[in-house]
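Both backbone and side-chain heavy atoms feed into the values below; hydrogens, waters and symmetry mates do not.
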Amino acid sequence: MTDPVGFQQRFYNKLNRGLSLSLLFDYLPEMYLFVKDRRSRFITVSEPLWKMRGFSSELEMVGKSDFDIHPADLASQYIAEDQRVMHSGRPLPNQIWLVADETGELKWFVSSKIPLFDQRGRVIGIAGVMRNLEQADLMVRPYRELEHAVTFVLQNYGQRIDVAQLAQLAHLSVSQFGRRFKRLYQMTPQQYILRVRINAAGQLLISSDHSVAEIAAECGFYDQSYFTKQFRKQHGQTPLQYRATYEPRGANPQQTPAH
């Protein structure tokens, strides 16, 4: 792409002139802002975000997609969410993601996205915002209450984990813990444990030559058929198909815990 400024302008010329991106700020203040086109290529990126991604200017990021910036398996998940918003034509607020910051360390972010329409009412892209929960004093407090439980899962997903253990770490009853966890993370504790294990397995599939059975056991699954069923349910592919799709060619993939 030789003219990123022209690329931006052509996209914005298509936008419904009544659209106000300031609607995003109703969700969270002081955010990382981004706008993408129908193919999930970045059109606009706020300064904190392009700096976090290691670029020296916004225009260096314009025209790129998540596949140009992130490992392919993670990029596919980010873009799949973009597609959900564009296909539904409805906002998707306050989704919880683990995202690598500028140092490569995984941090919790809250992400909200809205579809963008042209003057004929057709979806032509999305706009989104992210906020690092560590920087969100008002929002981070309830997450801190569950921090030890969440961290325990990330560090021990290969072992047997009971929800009662996690509730004890949060100093809550099992029922209180379950309700609070679901309210904050939009999933049950059991679903979170499963998601962490499946994503950890995905990373092992593309970063090691271990067999599917070995990886299933390493990630806390004691039934390979159940592992394969759940993996396919989350990623839309069997473990072997996933490995064939994302296995790097001549390079060591970036090791990233569950997203």
[X] to [Y] - nearest heavy-atom pair and separation:
| X | Y | answer |
| --- | --- | --- |
| K14 | R10 | CG-O, 3.4 Å |
| S112 | N94 | OG-N, 2.8 Å |
| Q119 | N13 | NE2-O, 4.1 Å |

- Item | Cluster check F67, I206: I/L/V/M/F/W/Y, side chain < 4.5 angstrom |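 Result: no, two separate clusters.
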Taking [Y]'s backbone N and O only, do any of them form a donor-acceptor pair with [X]'s side chain (distance below 3.5 Å, no angle check)?
| X | Y | value |
| --- | --- | --- |
| D66 | H70 | no |
| Q8 | I43 | yes |
| Q241 | T238 | yes |
| R243 | L205 | yes |
| Q95 | P93 | yes |
| Q176 | V174 | no |
| Q155 | F152 | no |

Is any side-chain heavy atom of [Y] closer than 4.5 Å to one of [X]?
| X | Y | result |
| --- | --- | --- |
| V153 | Y192 | yes |
| R131 | F109 | no |
| P91 | V85 | no |
| V196 | L154 | yes |
| V110 | I96 | yes |
| F7 | L59 | no |
| F34 | S46 | no |
| K64 | F55 | yes |

How many angstroms lie between atom [atom1] of [X] and atom [atom2] of [Y], to the nearest 0.5 angstrom?
| X | Y | atom1 | atom2 | answer |
| --- | --- | --- | --- | --- |
| L204 | C219 | CG | SG | 5.0 Å |
| I198 | I193 | CD1 | CD1 | 12.5 Å |
| I79 | L74 | CD1 | CG | 11.0 Å |
| Q83 | S88 | CD | OG | 10.5 Å |
| I114 | M86 | CD1 | CE | 13.0 Å |
| R197 | Y157 | CZ | OH | 10.5 Å |

Output every pair passing salt bridge (Lys or Arg N to Asp or Glu O under 4.0 Å) with a member in [range], not counting sequence neighbours, ordered by first then second residue.
| range | answer |
| --- | --- |
| residues 67-94 | K36-D82, E81-K113, D82-K113 |
| residues 165-192 | E145-R180 |
| residues 42-61 | E47-K51 |

Report all side-chain donor-acceptor pairs from residues 159-170 shorter than 3.5 Å, counting only partners two or more places apart or in another chain.
unit_1 : atom_1 : unit_2 : atom_2 : d
Q165   : OE1    : D162   : N      : 2.8

- Task: Sequence neighbours left out, what passes ring pair (Phe, Tyr, Trp, His ring centres under 6.0 Å) with H235? Give chain and number order.
- Result: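 Expected list: F231, Y242.
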- Do Q237 and T245 pass the side chain to side chain donor-acceptor pair (under 3.5 Å) test, and can you show the C-alpha distance, the side-chain angles, and the key distance before you say yes or no? CA-CA 9 Å; Q237 296 177 305; T245 300; 2.9 Å; yes
- Query: Does the gap between the ring centers of Y222 and F227 come in under 6.0 Å?
  - Reply: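 When the ring centroids of Y222 and F227 are compared, they turn out to be at least 6.0 Å apart.
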- Message: Can you see whether S76 engages Y246 through a side-chain donor-acceptor pair at a distance of less than 3.5 angstrom?
- Response: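 Side-chain D/A pair, S76 to Y246: present.
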- Message: Set out, in order, the CA-CA distance, both residues' side-chain angles and the distance that settles ring pair (Phe, Tyr, Trp, His ring centres under 6.0 Å) for W97 and Y78, then state yes or no.
- Response: CA-CA 10 Å; W97 288 93; Y78 301 156; 5.6 Å; yes
- Sequence neighbours excluded, which residues qualify as side-chain hydrogen bond (donor to acceptor under 3.5 Å, both in side chains) partners of T44?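 Once residues adjacent in sequence are excluded, the partners of T44 under the side-chain hydrogen bond (donor to acceptor under 3.5 Å, both in side chains) criterion are Y12.
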- Task: With side chain to side chain contact (heavy atoms under 4.5 Å, CB included) as the test, would you mind laying out the steps for R122 and F117 before giving the verdict?
- Result: CA-CA 5 Å; R122 299 173 300 189; F117 302 90; over 6 Å; no
- Task: Show your reasoning for whether side chain to side chain contact (heavy atoms under 4.5 Å, CB included) applies to F11 and D37.
- Result: CA-CA 8 Å; F11 180 85; D37 68 4; 3.5 Å; yes
- According to the interplanar angle, ranging from 0 to 90°, do the rings of F221 and Y226 count as parallel (below 30°), tilted (30 to 60°) or perpendicular (above 60°)?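 Judged by the thresholds at 30° and 60°, the geometry between F221 and Y226 is tilted.
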- Assess whether side chain to side chain contact (heavy atoms under 4.5 Å, CB included) is satisfied between L146 and L184, documenting all intermediate values. CA-CA 10 Å; L146 304 185; L184 290 175; 3.7 Å; yes
